[in-house]
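So the structure is just underneath, and the comments pick up after that.
Just the heavy atoms: all of them, side chains too, but no hydrogens, waters or symmetry mates, feed the values below. A, B, ... follow the sequence lines: proteins, then strands. Residue 1 opens every chain.
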2 protein chains.
Amino acid sequence: MTPPKPSLEMLRALTDENVLRSLMDHPRLTRAEISARTGISKPTISDSVQRLARAGLVVDTGERTTGRGRAGSYYSLAPGLGAALVAAITPRGVVAEAVDALGHVHGQVRTALEADAGPRVAADALTTAARQLAGKIPGRLRLAVISAADPVDRETGRLVHLPDAPFLVGDLDPSAVLAGTVTGPVLVDNDVNWAARAEHRAGCARGVDDFVYLHLGEGLGCAVVNDGVVRRGHGGLAGEIAHLCTAGPDGRAMAFTEVFAVLGLRRPSSTAIDVPALTGLLAGRGEQAERVRSVLVRAIGGVLAAAVSLADPRMVVIGGEWGLCPGLIPAVDAYFSRTPRPVPLTAAVLSSPELTGARARAVEELQSLIVRMAAPAPEG
Amino acid sequence: MTPPKPSLEMLRALTDENVLRSLMDHPRLTRAEISARTGISKPTISDSVQRLARAGLVVDTGERTTGRGRAGSYYSLAPGLGAALVAAITPRGVVAEAVDALGHVHGQVRTALEADAGPRVAADALTTAARQLAGKIPGRLRLAVISAADPVDRETGRLVHLPDAPFLVGDLDPSAVLAGTVTGPVLVDNDVNWAARAEHRAGCARGVDDFVYLHLGEGLGCAVVNDGVVRRGHGGLAGEIAHLCTAGPDGRAMAFTEVFAVLGLRRPSSTAIDVPALTGLLAGRGEQAERVRSVLVRAIGGVLAAAVSLADPRMVVIGGEWGLCPGLIPAVDAYFSRTPRPVPLTAAVLSSPELTGARARAVEELQSLIVRMAAPAPEG
DNA sequence: CATTCTAGTAAGGACTCTTGCCCAAATACG
DNA sequence: CGTATTTGGGCAAGAGTCCTTACTAGAATG
């Protein structure tokens with residue numbers, strides 16, 4: 001609506017951004033290389049590098065080009081610009097890393113958690129890991145990107161408990177937990193959403209800007225990617241499909257999660273799905289197994305019908321502990337391809353996609369933070 | 001990822017854009033007013049106005065300021081910059097307008113169509129209306145924005161027929177139909193999507209960036225607004241909910257459109273809903289009416305459960321011929337507020353929202369087209 | 001050692017935006 | 001009616017950014 005006000009300062013900031021982004025794509029470059037890469041003239045690049053070096057964002061590495069011609073100085077991003085914390089929290093444990101603006105991982109800490117250890121223990125594991133990582137890197141932890149195996153409130157970043165859905169990690173506020181260790185923003189999202197982003201970047205949905213990722217594990221979730229971005233909805237609860245109305249046994253309409261309750265596939269006195277029992281059934285051969293399979297296929301079909309109706313994806317990606325059980329995807333595909341609006345189904349291909357997705361975002365976020373550091377504060 | 005290359009030309013283009021946008025918000029302004037409004041200095045504005053006047057985009061109106069001080073010259077957008085065609089096509093008729101870059105409507109043409117007139121007749125009505133409007137405006141019709149009462153293919157802009165869903169207007173390719181009369185792009189979308197955009201701009205969902213608009217009329221449709229934008233999905237068919245799996249009579253799972261077939265509420269030998277019969281039943285008092293109402297409420301509830309699960313809206317807007325029947329929304333609300341994830345329901349408030357929505361988009365698009373005319377072609 | 005090739009620098013020019021000042025023109029007021 | 005006030009507009013000077021061209025420095029090649 002209102003275009004930005006033109007100013008010479010803006011041009012300079014743009015030049016600096018070009019230089020910084022080049023050095024984020026390539027760890028070390030001479031000024032001539034930056035010039036060639038950006039299309040900006042050599043003198044202008046020299047100016048910018050000088051400015052950025054004075055500001056401490058860029059350093060002369062001391063290395064020189066070899067080969068014909070005069071030796072050029074390699075520049076790179078200053079070490080000490082800091083790193084981002086990436087962490088994935090599940091009821092089984094916490095995995096944490098530190099990544100720098102180049103995308104290099106500087107260390108990984110894995111902490112296993114006992115079953116039903118609870119959110120306090122998870123929080124402690126997270127802070128400990130963050131402190132350890134903070135010691136390993138030259139600068140500070142400037143931001144954190146967290147993947148959690150529970151629904152996440154979009155405003156606050158807290159994990160939330162939805163009725164009749166499992167609360168796997170439990171009541172946790174990563175932003176508060178990390179307040180002392182991480183200086184900047186803490187971004188939190190659902191593991192399924194991160195997984196979908198990872199598959200979109202480099203997995204089976206690469207370049208597909210509209211797809212749906214269905215996660216079938218202890219919890220039931222899905223990510224909706226529309227116009228290339230995971231859509232989280234007002235509260236961040238888009239894709240929480242436990243209560244989606246679908247077809248249960250005998251063609252009765254019921255909530256998705258209900259189907260598992262009726263089939264006796266929930267963990268005792270819990271709303272989480274009994275994955276071992278379910279995989280056992282999916283592998284079984286008896287009449288009973290056959291019946292359960294067909295009920296599940298129809299129930300999943302109902303969920304997919306909803307996803308197709310509301311999101312019109314180009315494809316559906318299926319992941320999760322039991323979603324990848326052999327035979328399940330073909331069975332669902334066979335059923336779904338006979339419905340009025342079939343859509344291709346694919347199996348998720350990445351391992352630990354939630355960490356991959358969160359890591360990519362952490363790098364992006366850290367990079368844009370550094371770019372903003374170069375520009376003087378936009379008035380105040 | 002790759003920031004734009006800085007250049008002085010870019011600054012100038014930005015200044016010009018500031019000037020043009022100012023004159024799009026306010027029909028006439030002096031250079032001093034533009035300067036004050038944009039925060040750009042007077043000499044710079046004078047330069048830009050001179051440039052734009054030479055290019056024929058801006059003209060001195062000849063009017064002068066009155067009041068204290070020296071009289072200033074009022075400038076405005078040049079007439080003859082052209083207009084955009086806005087049209088809404090339904091099986092009942094075609095409504096077409098021409099709007100200019102200031103949002104002024106330059107004429108309206110309404111053509112009634114006989115029932116089942118078919119797409120050829122609608123196409124003729126559209127071209128005739130476009131030709132008439134083209135004669136009434138100073139410049140050319142530079143683009144068109146079309147609302148159609150059928151699903152629209154996102155790639156081609158053609159109306160498409162989905163299985164078991166009514167095809168109200170019928171096979172029509174607005175882009176081809178208008179090729180002779182409109183010089184620029186032809187944007188086509190579903191009437192429900194345009195209505196949702198209108199309610200988002202200025203209706204009951206103003207400022208709500210995540211909501212779902214449920215249209216209950218002859219056809220069943222819905223629009224999903226996420227992060228402030230209507231999400232159309234890969235093929236433009238997001239929101240086509242005829243086959244969404246929901247609860248029918250006796251709690252049986254079935255497609256949404258099936259429910260109406262079972263209840264005998266479809267028009268004879270058609271997949272369109274019999275709206276008169278339905279409104280009659282909704283107003284009725286007998287036991288039969290009661291039963292139908294409760295079935296409908298549950299069926300709609302199932303659809304809303306899907307929308308809430310997948311899109312997490314802040315609110316649900318209900319519109320359409322029978323969606324606004326007295327008593328329906330409260331009944332659905334009473335049912336839905338007892339489900340695990342209730343969301344506020346509201347009635348749509350705008351009249352002919354599809355035209356309003358399309359008009360707003362036409363103005364935006366025409367404005368950005370004019371802005372692009374000011375900038376020299378980005379290399380070629 | 002001369003040649004060739006490349007990185008970096010210096011000078012000059014073109015362009016844009018801003019500040020400050022002055023002028024022109026119209027109203028307000030004595 | 002004449003003067004003060006107020007506002008739009010134009011001009012000049014200055015600072016800043018980027019680009020082109022030409023030149024220098026330095027390293028490998030022959």
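Distance, A:K42 NZ to C:dA7 C1': 6 Å, rounded to whole Å. Between A:E9 atom CD and C:dT16 atom C1' there is a gap of 15 Å when expressed in whole angstrom units. C:dA10 atom P lies 11 Å from atom CZ of A:R31, rounded to whole Å. A:D47 has its CG atom 10 Å from the P atom of C:dT9, to the nearest Å. Distance CE (B:M10) to C1' (C:dT16): 13 Å, rounded to an integer number of Å.
Near DNA chain C, meaning a heavy atom under 4.0 Å from it, residues 19-30 of chain B has no residue at all. Listed in residue order, the members of residues 62-78 of chain B having a heavy atom less than 4.0 Å from DNA chain C are B:G67, B:R68, B:G69, B:R70, B:A71.
Atom OG in A:S175 sits 9.5 Å away from atom CD1 in A:I146 (nearest 0.5 Å). With rounding to the nearest 0.5 angstrom, the OG1 atom of B:T15 is 12.0 Å from the CD1 atom of B:I34. Here the straight-line distance linking atom CG of A:N18 with atom OG of A:S35 works out to 11.0 Å at 0.5 Å rounding.
One finds no salt bridge joining A:D189 and A:R361 here, because no Lys/Arg side-chain nitrogen approaches an Asp/Glu carboxylate oxygen to under 4.0 Å. Under 4.0 Å is where a charged nitrogen must lie from a carboxylate oxygen, and between A:R21 and A:E17 at least one such pair does.
The list of salt bridge (charged side-chain N to carboxylate O under 4.0 Å, His left out) pairs with a residue in residues 44-63 of chain B, not counting sequence neighbours, reads B:D16-B:R51, B:R28-B:E63.
Panel note: side chain B:R142, backbone B:L81; a donor-acceptor pair is recorded below 3.5 Å. With B:T356 contributing its side chain and B:A198 its backbone, the two residues share no donor-acceptor pair below 3.5 Å. The closest donor-acceptor contact from the side chain of B:E97 to the backbone of B:A87 lies at 3.5 Å or more, if one exists at all.
Minimum heavy-atom separation, A:R154 to A:G233: NH1-O, 2.6 Å.
Side-chain N/O atoms of B:T44 include none lying less than 4.0 angstrom from OP1 or OP2 on C:dT16.
Between the side chains of B:S368 and B:R372, at least one donor N or O sits under 3.5 Å from an acceptor N or O. A:H200 and A:D209 share a donor-acceptor pair across their side chains, judged by distance under 3.5 Å alone.
When the side chain to side chain donor-acceptor pair (under 3.5 Å) test is applied to A:R201, the partners found at least two apart in sequence or on another chain are A:E364.
Within the nucleic acid shown, A:L8 comes within 4.0 Å of at least one base atom, counting heavy atoms only. Residue contacts shown for B:S7 are absent, as no nucleic acid heavy atom lies under 4.0 Å away.
Boundaries of the chain A contact region on DNA chain D are D:dG16 to D:dT29, first to last in 5' to 3' order (nucleotide atom under 4.0 Å from a heavy atom).
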Please list, for nucleotides 11-13 of chain C, all pairs of protein and nucleotide N/O atoms separated by less than 3.5 Å.
none

